[in-house]
Amino acid sequence: MPMNDPDAPVTGGWIAPLVSTLVTVPMGLLALFFAGLSPMACDSCNAAEADRFDASFAVAFPLLGVGLLVALTLLITSWALPRRTRNQARRAGFALAAPLTVVLTAVLFAALLDTP
């Protein structure tokens, strides 16, 4: 077997997806938890503020859900790629993209939310 064989198995191919899983899943759960608590920010709002908050939450919360699904898809893809030399960079890229997607989604959620 040549040294540069793209189909050669990689022994440490599970490390990047594992680290990504250990980072992405708690971050995603925390983002979902805080997004679920965010309607309490408008408990003492008047009617106009509450309407603006509800309108922004109706857009921001589904976007958070879609972003977390994208992060989950990236995470599953990093695990599903075969552990071969040719896929080593792809696996690491997908593993790195998953937590970054959670962070980007949480920042976007916070930016879209019209808090009083």
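Only this structure's heavy atoms are used, side chains among them; waters, hydrogens and symmetry mates stay out.
- Proximity of L113 to F109: side-chain heavy atoms (C-beta onward) are separated by under 4.5 Å at one or more points.
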*Determine, step by step, whether D5 and T85 satisfy the side-chain contact (heavy atoms from CB on, under 4.5 Å) criterion, reporting the C-alpha distance in whole Å, the side-chain angles of both residues, the deciding distance to 0.1 Å, and the verdict.*
CA-CA 7 Å; D5 184 16; T85 304; over 6 Å; no

Donor-acceptor pairs under 3.5 angstrom involving side-chain atoms of residues 87-99: please list them, not counting sequence neighbours.
from	atom 1	to	atom 2	distance (Å)
N87	OD1	R90	NH1	2.6
N87	ND2	P82	O	3.3
R90	NH1	R86	O	3.2
R91	NE	G13	O	3.0
R91	NH1	S78	O	3.4
R91	NH1	L81	O	2.3
R91	NH2	G13	O	2.7

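- Linking ILVMFWY side-chain heavy atoms closer than 4.5 Å, directly or via other members, places L18 and I15 in a single hydrophobic cluster.
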Side chains of residues 22-42: which donor-acceptor pairs under 3.5 Å do they make with residues two or more places apart or in other chains?
from	atom 1	to	atom 2	distance (Å)
T24	OG1	S20	O	2.7
T24	OG1	S20	OG	3.4
S38	OG	A35	O	2.7

Check residues 52-72 and write down every donor-acceptor pair under 3.5 Å in which the side-chain atom is one partner and the other belongs to a residue at least two apart or another chain.
from	atom 1	to	atom 2	distance (Å)
R52	NE	D114	OD2	3.4
S56	OG	R52	O	3.4
S56	OG	F53	O	2.9
S56	OG	D114	N	2.9

